[in-house]
Amino acid sequence: QVQLVESGGGLVQAGDSLRLSCAASGRTSLITHMAWFRQAPGKEREFVVIVRWRGVSTIYADSVKDRFTISRSDAKNTVYLQMNSLKPDDTAVYYCGARTRVGVPTTPAGIDYWGQGTHVTVSS
């Protein structure tokens, strides 16, 4: 089992920055990729970014490319999502996800473990 705990959400104004954290614990050796998804009210959960757990390969959604950056601390088993130039459309619950199988998922069905989510609200 893998446990994921997100933190760092909050209420910010448009143009501000925010950094989310996702700490992994348990059988972290099983993890192949870590990802961030988000779910706005009334919408489906959507892909934001994914990174290889022990590597540098990343894939970003077009909507966040050049504004969001994923990074990782191997020593802390933690991934971070630095979000800059935030927009009201970025308002959502942000979920950290871990995959323990082969393949690079960009859909929620490809994620094996989820965190509880952290709320991000961007006011205009």
Side-chain angles (χ1 to χ4, degrees):
Q1 295 286 334
V2 175
Q3 294 79 44
L4 304 172
V5 177
E6 301 103 329
S7 61
L11 171 63
V12 296
Q13 293 185 332
D16 285 351
S17 298
L18 204 59
R19 190 177 81 156
L20 306 182
S21 301
C22 174
S25 61
R27 300 187 68 184
T28 58
S29 61
L30 299 178
I31 299 174
T32 60
H33 292 81
M34 291 287 285
W36 287 95
F37 284 72
R38 65 187 182 184
Q39 189 164 15
K43 295 187 177 181
E44 296 184 349
R45 193 169 298 189
E46 67 172 3
F47 169 76
V48 175
V49 60
I50 191 166
V51 65
R52 187 179 295 274
W53 182 231
R54 294 291 183 252
V56 296
S57 298
T58 57
I59 300 174
Y60 288 88
D62 289 341
S63 59
V64 306
K65 200 174 295 183
D66 298 328
R67 298 189 300 123
F68 291 10
T69 302
I70 192 169
S71 61
R72 192 184 68 240
S73 168
D74 293 343
K76 296 181 179 180
N77 282 333
T78 299
V79 292
Y80 304 95
L81 183 64
Q82 178 67 42
M83 305 185 293
N84 298 329
S85 302
L86 282 162
K87 306 173 182 179
D89 284 349
D90 296 318
T91 295
V93 178
Y94 283 71
Y95 294 93
C96 175
R99 180 171 174 90
T100 57
R101 295 169 282 159
V102 174
V104 185
T106 57
T107 64
I111 299 299
D112 300 305
Y113 297 94
W114 292 101
Q116 81 286 356
T118 185
H119 290 259
V120 173
T121 302
V122 184
S123 63
S124 58

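Residue indices begin at 1 and follow the sequence shown.
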Run Thr69 and Tyr60 through side chain to side chain contact (heavy atoms under 4.5 Å, CB included) and show every step you take.
CA-CA 9 Å; Thr69 302; Tyr60 288 88; 3.9 Å; yes
Atom CG of residue position Asp74 - does it have more than 12 heavy atoms of other residues, nucleotides or ligands inside 6.0 Å?
yes
Residue Arg101 excluded, over 12 heavy atoms near CZ under 6.0 Å
yes
Using atom types as modelled and distance alone, determine if a side-chain donor or acceptor of Ser63 lies under 3.5 Å from a backbone N or O of Ala61.
no
Check for a donor-acceptor pair, side chain of Ser124 on one end and backbone N or O of Pro88 on the other, with a separation under 3.5 Å.
no
Are the side chains of [Y] and [X] in contact, using a 4.5 Å heavy-atom criterion?
| X | Y | result |
| --- | --- | --- |
| Trp36 | Ile70 | yes |
| Thr100 | Tyr113 | yes |
| Cys96 | Val79 | yes |
| Val93 | Arg38 | no |
| Ser17 | Gln82 | yes |
| Phe47 | Ile59 | yes |
| Phe68 | Val49 | no |
| Ser21 | Glu6 | no |

Minimum heavy-atom separation for [X] to [Y], with atom names?
| X | Y | answer |
| --- | --- | --- |
| Pro105 | Ile111 | CG-CD1, 4.0 Å |
| Val102 | Arg99 | O-NH2, 2.6 Å |
| Ala24 | Ile31 | CB-CD1, 4.1 Å |

Distance in Å, [X] [atom1] paired with [Y] [atom2], rounded so as to fall on 0.5 Å steps:
| X | Y | atom1 | atom2 | answer |
| --- | --- | --- | --- | --- |
| Ser85 | Asp66 | OG | CG | 10.0 Å |
| Arg19 | Tyr80 | CZ | OH | 5.5 Å |
| Arg54 | Met34 | CZ | CE | 9.5 Å |
| Asn84 | Arg67 | CG | CZ | 9.0 Å |
| His33 | Thr106 | NE2 | OG1 | 11.0 Å |
| Ser123 | Asp16 | OG | CG | 8.0 Å |

Do Val51 and Tyr95 share a hydrophobic cluster, counting only Ile, Leu, Val, Met, Phe, Trp and Tyr and linking them when any side-chain heavy atoms are less than 4.5 Å apart?
no
With hydrophobic residues grouped by side-chain heavy-atom distances under 4.5 Å, do Val12 and Val48 end up in a single group?
yes
May I ask you to check if Arg45 and Phe37 form a cation-pi contact, with NZ or CZ under 6.0 angstrom from the six-membered ring centre and within 45° of the axis?
no
Partner of Val120 under side-chain contact (heavy atoms from CB on, under 4.5 Å), chosen from Leu81, Thr91, Leu18, Leu11
Leu18
Could you give me the CA-CA distance, side-chain angles and deciding distance for Gln39 and Tyr94, then say whether side chain to side chain contact (heavy atoms under 4.5 Å, CB included) is met?
CA-CA 7 Å; Gln39 189 164 15; Tyr94 283 71; over 6 Å; no
Would Asn77 and Arg72 satisfy side chain to side chain contact (heavy atoms under 4.5 Å, CB included), going step by step from the backbone distance to the final call?
CA-CA 8 Å; Asn77 282 333; Arg72 192 184 68 240; over 6 Å; no
Full working for side chain to side chain contact (heavy atoms under 4.5 Å, CB included) between Glu44 and Glu46
CA-CA 6 Å; Glu44 296 184 349; Glu46 67 172 3; over 6 Å; no
Are Lys87 and Asp90 ion-paired here, with the side-chain N under 4.0 Å from a carboxylate O?
no
